[in-house]
Amino acid sequence: MNPSIIQDSSRSIRKQAFVLSVFTVAALAALVGYSWYWNTNNIYNEKINLALTEARSNWNKDASLRRWAAHHGGLYVPPNERTPPNPALKHLPHRDVVTTDGQKLTLMNPAYMMRQMAEEFEEDFGVKGKVTGKLQLNPINKPDEWQLKVLNIFESGKTDEVYEQQMIDGQPYLRYMKAMYMTEGCVKCHGILGFKDGDLRGGVSVSIPLTRYFTAASETNDSVLFTHVSVLLVGVIAIIAFAWLFSRLLISTTNEALHDGLTRLPNIRLFKNRLEQSFKQYQRDPSSIFAVCFLDLDRFKNLNDSRGHKVGDKLLVSLSHRLSKLLRPGDTLARMGGDEFTLLLCDISSVDEALNITRRFLASFKEPFYIDNDEIYTDASIGICMVTDEYSDIEDMIRDADIAMYRAKSSGKGRVDVYSPEMHEYAMETMQIENDLRAAIQKGQLEVYYQPIVNVANSRIDGFEALLRWHHPVMGDVSPERFISVAESSGQIKEIGKWVLEQACVQIREWSLQFCLDNEFTISVNLSGTQLTEQGTQEMISEALRQSRLKPSKLHLEVTETALIGHKTYAKQAVKNIRELGVSISIDDFGKGYCSLAYLQEFEFDTLKIDKDFVQDMGVDGKGLQLVRVLMMLARDLDMKLIAEGVETEEQFNRLSAMKCPFIQGYYFSRPVSAEQVKAMLDEGCHINVNRLLKKNLPSQIVSQVASGPHQK
Ligand code: C2E
Ligand code: CA
Ligand code: CA
């Protein structure tokens with residue numbers, strides 16, 4: 001089976017959607033990852049800032065206490081074990097004083113006081129504090145390595161505040177240090193070291209334990225991580241869902257673009273794509289033969305016009321279902337539009353196989369379609385084009401299948417034809433006919449001929465059948481069998497049919513008056529299948545009668561049985577409507593199509609015309625003889641007038657009269673002749689005697705004058 005355009009495009013859409021979603025997921029993951037990293041960092045920095053704020057506020061408190069104490073010359077406390085007289089201040093004369101009541105007090109200068117406070121603070125809150133300087137009164141205030149480094153920075157004058165994270169005793173700390181300058185109050189104690197007011201004396205360092213900040217940060221981080229993982233998960237699910245939905249939508253849109261909206265069958269685009277693939281396969285391997293078929297419903301336009309588009313559409317849908325079931329795997333049935341379908345038959349062994357398959361299609365039309373509780377029969381014409389080395393383009397194959405279909409249609413409908421190069425010529429000729437037919441009436445190229453219908457009982461002409469002739473300036477006389485079907489499919493039959501009817505009505509009225517023809521005398525006019533069910537036909541008939549002032553009873557309309565197939569109910573109503581005008585109706589070519597005998601009972605026909613093929617097949621023990629006999633009995637039982645057409649020989653005439661066939665039409669008496677020639681016949685007298693006609697050998701004269709078209713040999 002050819003890989004289809006749909007499978008290809010679906011696969012490619014899925015692949016693209018997959019790649020796109022992988023990229024989107026990766027981008028989302030990167031974004032979420034970065035956001036998580038940024039947030040974590042922020043939280044960490046924020047905690048460090050908090051620790052820094054804590055360090056600064058500690059420092060500030062420390063500084064203001066120190067300043068206060070320095071301002072007041074220090075603090076005197078009773079000396080005890082924790083606060084012995086400070087040896088570093090022993091140079092001060094007032095280090096130890098005695099109150100008037102004999103109480104001993106010792107001086108706590110700010111450094112001494114703050115060191116003690118810092119110890120307590122560390123014990124209670126874990127915050128280490130230390131005053132330090134390069135020169136110190138008390139060796140305890142000696143800077144450690146980091147403090148020395150910072151003191152050097154202070155000395156350089158770049159900044160007066162430094163902080164840094166450090167591990168102290170295995171715990172993280174934020175170490176903070178700010179410069180300390182000499183004030184007036186400091187000179188009392190530190191002046192001894194040579195410091196003057198305003199000098200950088202050292203710094204106070206504060207170490208904030210970071211563990212609790214980090215614990216708080218990690219708690220916040222947990223929830224941030226949870227949020228980010230959730231966002232990532234929801235995002236990934238959303239991307240996958242979106243990619244899935246989007247690819248499905250895209251696939252269905254592509255599908256839509258490649259299928260017919262009504263029948264859901266592949267459309268022309270998809271068909272051509274598959275055909276192209278089969279063609280390439282054939283070019284690689286000439287044994288993989290395939291066929292392109294063109295299928296066109298017969299008289300579909302008629303059904304559409306008479307029953308409405310909805311019924312037409314429903315028929316197309318159920319017909320597509322029926323035909324699809326008959327397809328072999330790998331074959332493609334596509335709708336081109338309207339009532340035209342194409343079929344691609346892959347891997348077939350011969351043209352016979354293609355014929356068998358398409359005949360099965362046609363056979364399936366023998367069963368009616370049930371649309372809105374109504375039985376509808378339809379038929380189709382199929383053209384087959386087999387692939388050959390001559391083809392280089394698939395369009396040519398479709399064109400040739402169409403030509404073959406056209407040929408099948410014009411040679412009788414409900415048929416299959418295989419394309420042959422001669423058909424091309426035929427198709428061109430058909431186009432020419434269609435084209436030239438448009439102006440044929442105006443150019444006076446059409447003429448109505450008349451063929452007598454003879455009453456066997458009294459050997460008198462009882463009426464005429466009007467038969468159209470086209471005198472084409474180049475092609476000569478074209479047979480109605482050739483151009484009527486063209487007119488039917490091009491829609492020109494409406495105008496032509498109207499013209500014939502008007503001519504015939506006027507003519508017979510004129511003859512009736514001129515030759516005093518009796519009431520039995522009738523004119524039979526052929527009504528094409530498309531005309532029968534077309535709207536406005538009844539009005540067209542009554543208008544022709546009104547204008548010609550012909551009595552309706554003198555007009556017979558002949559309808560072929562194939563015209564009834566397809567829309568029985570509607571045709572039945574049309575027949576009824578016409579009969580209501582007082583016009584009688586004949587069923588023409590009976591036995592040629594698919595009508596069952598039941599049709600004769602169901603339809604109210606006045607006359608039955610036996611097809612000329614049966615009459616001509618009436619030789620000894622011929623099948624035709626039995627059939628003619630049965631039909632005659634049937635017509636008698638149903639009280640119908642019976643006419644046998646195509647009587648050419650005396651033998652046929654004798655057989656029919658022996659069987660008591662009431663009416664006869666055929667070359668034996670006369671070919672269809674022009675109005676002039678009929679006049680010559682009627683000039684012989686109002687009561688034409690056929691024997692006289694025959695004796696006078698009029699027919700042979702007439703025969704020689706009747707031109708037969710190129711396809712009527
Ligand atoms: P049809 O209605 O069955 O007409 C009878 C055909 O048989 C005529 O062919 C006629 O010339 C021919 N025919 C008559 N007697 C004999 C005979 O003894 N032997 C043979 N072999 N043929 C005989 P024609 O005139 O070529 O018309 C062919 C068909 O074209 C008609 O078949 C009819 O279906 C159609 N047609 C002709 N004129 C009109 C028309 O005005 N309107 C429509 N809708 N169809 C027409
Ligand atoms: Ca006829
Ligand atoms: Ca006929």
Side-chain angles (χ1 to χ4, degrees), residues 299 302 410-413 437 440-441 446-454 463-471 477-489 491-505 507 522-534 537 540-541 544 555-563 585-593 605 607-618 643-653 656 663-674 699-700 702-703 706-713:
R299 288 176 289 270
N302 204 16
S410 47
S411 45
K413 301 190 170 69
L437 203 52
I441 297 180
L446 296 185
E447 186 182 358
V448 182
Y449 270 40
Y450 300 89
Q451 187 179 32
I453 297 169
V454 177
F464 288 94
E465 177 177 359
L467 291 158
L468 186 57
R469 294 292 176 261
W470 181 15
H471 309 297
D477 285 353
V478 186
S479 159
E481 262 163 353
R482 179 79 174 95
F483 72 83
I484 290 289
S485 60
V486 179
E488 277 177 349
S489 44
Q492 289 160 302
I493 192 69
K494 196 172 176 173
E495 191 195 349
I496 293 172
K498 183 170 175 266
W499 183 82
V500 173
L501 183 70
E502 285 167 358
Q503 297 286 311
C505 287
Q507 194 62 85
T522 56
I523 179 76
S524 299
V525 179
N526 291 288
L527 199 66
S528 132
T530 48
Q531 277 177 285
L532 176 70
T533 44
E534 210 161 47
T537 298
M540 189 261 289
I541 297 166
L555 178 65
H556 272 292
L557 290 174
E558 296 190 4
V559 178
T560 56
E561 59 169 0
T562 41
I585 299 227
S586 316
I587 175 134
D588 203 359
D589 301 346
F590 192 79
K592 206 176 175 182
F605 295 120
T607 308
L608 188 153
K609 289 187 88 171
I610 303 178
D611 186 56
K612 56 178 174 281
D613 286 356
F614 297 120
V615 173
Q616 281 159 13
D617 194 23
M618 263 190 335
I643 303 174
E645 313 187 86
V647 180
E648 290 183 356
T649 62
E650 190 165 8
E651 193 195 344
Q652 288 163 354
F653 173 73
L656 288 163
F663 297 94
I664 280 174
Q665 182 184 346
Y667 294 174
Y668 178 61
F669 296 115
S670 168
R671 286 201 172 222
V673 292
S674 69
S700 55
I702 295 164
V703 169
V706 177
S708 53
H711 301 281
Q712 203 188 13
K713 297 210 167 91

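Counting convention: from 1, in listed order, for ligands and their atoms alike. For this chain, numbers begin at 1 and follow the sequence in order.
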After noting the C-alpha distance and the side-chain angles of Leu467 and Gln451, does the key distance pass the side chain to side chain contact (heavy atoms under 4.5 Å, CB included) rule? CA-CA 7 Å; Leu467 291 158; Gln451 187 179 32; 4.0 Å; yes

Should Lys609 be listed as contacting ligand 1, given a heavy-atom distance under 4.0 Å as the test? no

What do we get for Val500 next to ligand 1 when only non-hydrogen atoms under 4.0 Å count, side chain, backbone, both or neither? side chain

Which residue, Leu527, Leu557, Thr607, forms the side chain to side chain contact (heavy atoms under 4.5 Å, CB included) with Ser586? Thr607

Using a cut-off of strictly less than 3.0 Å, determine whether Glu645 has an N/O/S atom near the Ca ion (ligand 2). no

Presence of N, O or S from Asn526 under 3.0 Å of the Ca ion (ligand 2): yes

Are Arg671 and ligand 1 in contact, using a heavy-atom cut-off of under 4.0 Å? no

Side chain, backbone, both or neither: which applies to Thr560 and ligand 1 if a contact is any heavy-atom pair less than 4.0 Å apart? neither

Compare all side-chain heavy atoms of Gln531 with those of Ile493 and state whether any distance is below 4.5 angstrom. yes

Does the side chain of Phe464 come within less than 4.5 Å of Gln507's, by heavy atoms? no

Out of Trp470, Tyr668, Tyr667, the nearest non-hydrogen contact to atom 13 (N) of ligand 1 is supplied by Tyr667

Within the 4.5 Å heavy-atom criterion, are Lys609 and Glu465 side-chain neighbours or not? yes

Is there at least one pair of N or O atoms, one from Asn526 and one from ligand 1, spaced under 3.5 Å apart? yes

Hey, is the Ca ion (ligand 2) within less than 3.0 Å of some N/O/S atom on Asp589? no

Counting only heavy atoms, which portion of Asp589 has something under 4.0 Å from ligand 1: side chain, backbone, both, or neither? side chain

Of all the N, O or S atoms in Glu558, which has the shortest distance to the Ca ion (ligand 2)? OE1

Against heavy atoms of Val647, which atoms of ligand 1 measure under 4.0 Å? 18 (O)

Would you please indicate yes or no on a ring centroid separation below 6.0 angstrom for Phe653 and Phe669? yes

Determine whether a donor-acceptor pair (N or O, by modelled atom type, separation under 3.5 Å) exists between the side chain of Thr537 and the backbone of Thr533. no

Quick one: which ligand 1 atoms are inside 4.0 Å of a heavy atom on Gln451? 14 (C), 15 (N)

Just to be sure I read this right, does ligand 1 sit under 4.0 Å from the backbone of Glu645, its side chain, both, or neither, counting only heavy atoms? side chain

Atoms of ligand 1 less than 4.0 Å from Glu648 heavy atoms? 17 (C), 18 (O), 19 (N), 20 (C), 21 (N)

Give the atom numbers and elements of ligand 1 that come within less than 4.0 Å of a heavy atom of Ser528. 44 (N)

Once side-chain contact (heavy atoms from CB on, under 4.5 Å) is applied, do any residues pair with Gln616, and if so which ones, sequence neighbours excluded? Lys612, Glu648, Gln652

With the Ca ion (ligand 2) as the apex, the OE2/OD2 angle for Glu465 and Asp588 - to 10°: 180°

When every non-hydrogen atom of Val615 is compared with those of Gly646, the smallest separation belongs to CG1-O, 3.9 Å

How long is the gap from CG on Leu468 to CG on Asn526, to the nearest 0.5 Å? 9.5 Å

With a 4.5 Å limit on heavy-atom distance, are the side chains of Glu650 and Tyr668 in contact? yes

So is Glu488 in contact with ligand 1, going by heavy-atom distances below 4.0 Å? no

Once you restrict to heavy atoms under 4.0 Å, what part of Pro672 touches ligand 1? Side chain, backbone, both or neither. side chain

Indicate yes or no: does an N/O atom of Leu468 lie under 3.5 Å from an N/O atom of ligand 1? yes

Contacts of type side-chain contact (heavy atoms from CB on, under 4.5 Å), residue Lys498, not counting sequence neighbours: Glu502, Met540

